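First comes the structure, then the notes that go with it.
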2 protein chains.
Amino acid sequence: MANMQDIARIAGVSLGTVSHVVNNSARVREPMRKRVLDAVQAAGYQPSQLARGLRRDKTNMIGMIIPDITNPFFPAVVRGAEDVAFSNGYRLILCNTDNDHDKELIHLNELRTYLPAGLIVIPSNFSDLTAQAESYRRAGAGVVCIDRLPTNWSGDSVTADNEAGAYNATRYLIQLGHRKLATITGPLHLTNAQERLAGFKRAMRETRLDVAPEYAQETSFDKRGGHAKALILLRLIPRPTAIFAGNDMIALGALLAIREAGLRCPEDISLIGFDDLDLAEFTNPSLSSVSQSGYELGTTAARLLLERREGDKSPAKHLTLQTSLKLRHSVAPPKQAAEDHPATKMRSKAKTNRLAPKA
Amino acid sequence: MANMQDIARIAGVSLGTVSHVVNNSARVREPMRKRVLDAVQAAGYQPSQLARGLRRDKTNMIGMIIPDITNPFFPAVVRGAEDVAFSNGYRLILCNTDNDHDKELIHLNELRTYLPAGLIVIPSNFSDLTAQAESYRRAGAGVVCIDRLPTNWSGDSVTADNEAGAYNATRYLIQLGHRKLATITGPLHLTNAQERLAGFKRAMRETRLDVAPEYAQETSFDKRGGHAKALILLRLIPRPTAIFAGNDMIALGALLAIREAGLRCPEDISLIGFDDLDLAEFTNPSLSSVSQSGYELGTTAARLLLERREGDKSPAKHLTLQTSLKLRHSVAPPKQAAEDHPATKMRSKAKTNRLAPKA
DNA sequence: CAGTATAGATGAAACATTTCAAAGCGCCCG
DNA sequence: CGGGCGCTTTGAAATGTTTCATCTATACTG
């Protein structure tokens with residue numbers, strides 16, 4: 001590959017001049033400028049990002065650390081981040097942690113040696129990134145946490161309004177006439193699971209409905225967990241008539257359990273998930289869900305990072321994205337309340353329907 | 001961050017010695033060696049990947065160029081590649097092309113300036129990577145194409161046995177008693193779509209069944225395309241009793257179209273997709289599909305790359321991964337043939353069932 | 001014990017940039 | 001015509017490694 005030296009020789013100018021032309025870092029008189037540009041064109045020269053990064057003490061890479069790209073919520077997040085990054089000349093290094101704190105640490109430590117422009121992190125379980133983030137910030141690289149936050153996180157963040165989303169979903173079920181609600185939460189050491197549970201509880205409290213401990217089951221954010229915990233819920237007396245699941249994978253497992261138990265959704269049990277994954281549309285019945293845009297989560301985080309890169313020194317920002325309730329076929333009024341509750345009329349046959357989230 | 005100079009000073013040795021200890025590139029006597037290691041530990045030193053890459057003329061990065069991480073088939077591929085890369089000390093730079101050849105070219109050109117250890121590429125439409133790949137190879141970096149190949153590709157590749165997979169699926173439908181089969185292929189400039197069509201045709205030819213042109217519709221690999229083309233197929237006379245879809249997204253669209261047309265799957269029309277995405281399990285009816293492991297595609301490609309990196313100079317390898325037929329509820333014997341065809345007994349109520357692929 | 005081979009340690013060059021201080025140069029003004 | 005000023009251009013240093021040629025000291029051989 002041609003290097004700057006070559007270009008300088010071809011164009012008959014000094015090394016510094018080539019650099020100035022390439023980077024627009026100083027005035028260069030037109031004829032000379034043109035000679036350089038021509039040489040660049042002719043040789044197909046592209047500056048070495050390595051040398052550039054080494055010298056500038058910063059590269060155009062952005063580290064993206066996520067639990068697992070295979071989890072259907074994350075690809076959109078990554079894509080959002082990549083799109084914004086790409087169109088601003090940045091590239092993404094993708095790292096999967098499997099929620100393993102050690103793996104996260106390995107990535108955190110190694111990525112720093114690439115002098116990335118910043119980091120977008122979906123923290124693993126029990127992360128404490130404060131020290132690491134501080135070290136990145138000292139090196140002039142921003143760190144944005146998204147989706148859920150480590151304990152004591154004081155840096156930039158972008159998350160969905162989990163509490164409001166859960167609240168709206170729960171309130172909707174209550175308005176349909178449900179009185180015996182249950183929830184299957186994600187791991188409660190994760191802030192997003194906590195917030196969703198909080199939203200659920202607030203809606204219940206507001207209606208003076210009780211949440212007995214066994215009606216709030218905690219599990220991992222996956223199908224298997226949802227399946228196991230739903231089986232437990234279905235054995236409770238009285239049996240819940242509606243379940244709010246911490247995410248769509250849990251809801252999917254619950255759906256399976258409901259079917260296995262010989263019950264029907266939504267006739268016997270209503271079900272609402274969270275995330276509004278693509279698959280929510282294809283389940284049988286199709287799954288109602290609190291919709292959050294993973295893509296937007298990614299773009300917002302990347303933009304925040306780039307603003308910091310441009311020199312934004314303002315105090316830590318906590319951006320919250322609104323959710324919307326996507327109604328499909330997995331919800332219905334409870335059987336005994338179908339006729340006598342006024343909210344029943346809200347039951348919609350429409351495949352999708354938006355309920356504006358709390359402002 | 002501490003650099004090598006610091007370590008040398010702390011340990012009281014020369015720069016070169018530190019390097020040799022860190023890289024095991026030369027014998028260093030134990031006491032000195034230990035002093036260096038202690039200093040590294042104490043300072044939390046990590047070598048700059050930038051400087052190292054610049055000097056070694058090669059980094060530990062692998063470029064991964066794919067159409068769109070949001071397409072549900074690709075996350076597993078990426079994850080497979082990342083797992084093998086990670087456990088060998090390599091990191092992945094993820095690039096989405098949206099099947100846009102220009103975007104692909106931008107990535108191809110820029111990635112080279114990072115001096116990556118190699119490239120894993122799912123080529124975009126109409127790619128001709130020969131020249132680019134040659135330039136990478138000259139720089140000592142391997143290029144592996146996966147999933148589908150550019151025209152005239154002569155380098156390393158890993159693909160599924162698309163032809164056999166399609167053949168088996170089609171043959172299965174025929175054995176069930178179907179005689180009027182149709183297919184909705186992906187874009188026929190893509191080799192995987194071509195091969196799947198070829199497998200379909202071979203099975204038809206073997207049974208002396210005709211494939212009239214209008215019974216083989218071509219479209220993009222997505223739901224919308226499948227939907228549109230299925231509507232066309234459903235209007236044909238005689239109407240096909242089974243459709244082999246070029247991938248699961250197409251099948252999904254077809255499923256929608258079948259439902260819209262007031263027909264039932266599998267009673268009126270059987271349907272088989274390709275890829276066996278997670279969602280195939282959740283559709284209604286659940287979708288039969290030719291299963292290929294995206295994860296394995298990724299791991300195999302990464303391993304191939306690393307072998308090249310270790311100096312394997314053997315001629316281009318073309319690895320082919322076997323597929324298996326995953327039977328679910330979207331297939332049934334055709335109504336009129338339900339009783340009188342011997343193959344009918346193969347119809348299984350089992351949710352999943354493997355049919356060994358052609359050896 | 002002298003001479004030599006050899007393992008071990010070192011210092012400097014090289015990788016491809018950016019950037020800063022300094023030099024060159026034309027031009028205007030006195 | 002000389003001095004000074006401001007715009008261009010240049011050359012060199014610096015970034016953090018690796019590696020190669022040297023150099024040193026140690027052990028071995030005759």
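No experiment lies behind these values; they were computed from the predicted model shown. By convention in this document, chain letters (A, B, ...) are assigned in the order of the sequence lines, proteins followed by strands, and residues within each chain are numbered from 1.
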Using atom [atom1] of [X] as one end and atom [atom2] of [N] as the other, report the distance to the nearest whole Å.
X	N	atom1	atom2	value
I7(A)	dT9(D)	CD1	P	17 Å
D57(B)	dT19(D)	CG	P	11 Å
M4(B)	dG11(C)	CE	C1'	14 Å
N3(B)	dT18(D)	CG	P	12 Å
M32(B)	dT26(D)	CE	P	12 Å
L54(B)	dT17(C)	CG	P	9 Å
Q5(B)	dT10(C)	CD	C1'	13 Å
H20(A)	dC7(D)	NE2	P	15 Å

Of the candidates dG16(D), dT17(C), dT10(C), the side chain of A51(B) sits closest to dG16(D)

Could you check which of dT17(C), dT19(C), dT17(D) has an atom nearest any side-chain atom of S19(A)?
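Of the candidates, dT19(C) comes closest.
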
Verdict with reasoning, K317(A) to E307(A), per salt bridge (charged side-chain N to carboxylate O under 4.0 Å, His left out)
CA-CA 11 Å; K317(A) 292 179 183 168; E307(A) 283 169 21; 3.3 Å; yes

Check whether any side-chain N or O of [X] sits under 4.0 Å from OP1 or OP2 of [N], and answer yes or no.
X	N	answer
R52(B)	dT18(D)	yes
Y114(B)	dA16(C)	no
R27(B)	dA7(C)	no
S14(B)	dA9(C)	no
T17(A)	dT10(D)	yes
N23(B)	dT18(D)	yes

Per nearest nucleotide of DNA chain C, the residue lying toward the 5' end, G16(A) or R29(A), is G16(A)

Min side-chain heavy-atom separation N23(A)-R52(A) under 4.5 Å:
yes

Just wondering, do F74(B) and I69(A) contact through their side chains at under 4.5 Å, heavy atoms?
no

Of L15(A) and V28(A), the one whose closest DNA chain D nucleotide lies more 5'
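By nearest-heavy-atom nucleotide position, the 5'-most residue is V28(A).
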
Does atom CD (Q41(B)) have a neighbourhood of more than 12 heavy atoms from anything else shown, all under 6.0 Å?
no

Assign E30(B) to base, sugar-phosphate, or nothing according to its heavy-atom contacts below 4.0 angstrom with the strands shown.
nothing

Quick one: the side chain of R55(A) and the base of dT15(D), do they pair up donor-acceptor inside 3.5 Å?
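There is none.
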
Taking the six-membered ring of Y295(B), is NZ or CZ of R79(B) closer than 6.0 Å to its centre and within 45° of its axis?
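No, R79(B) and Y295(B) do not form such a contact.
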
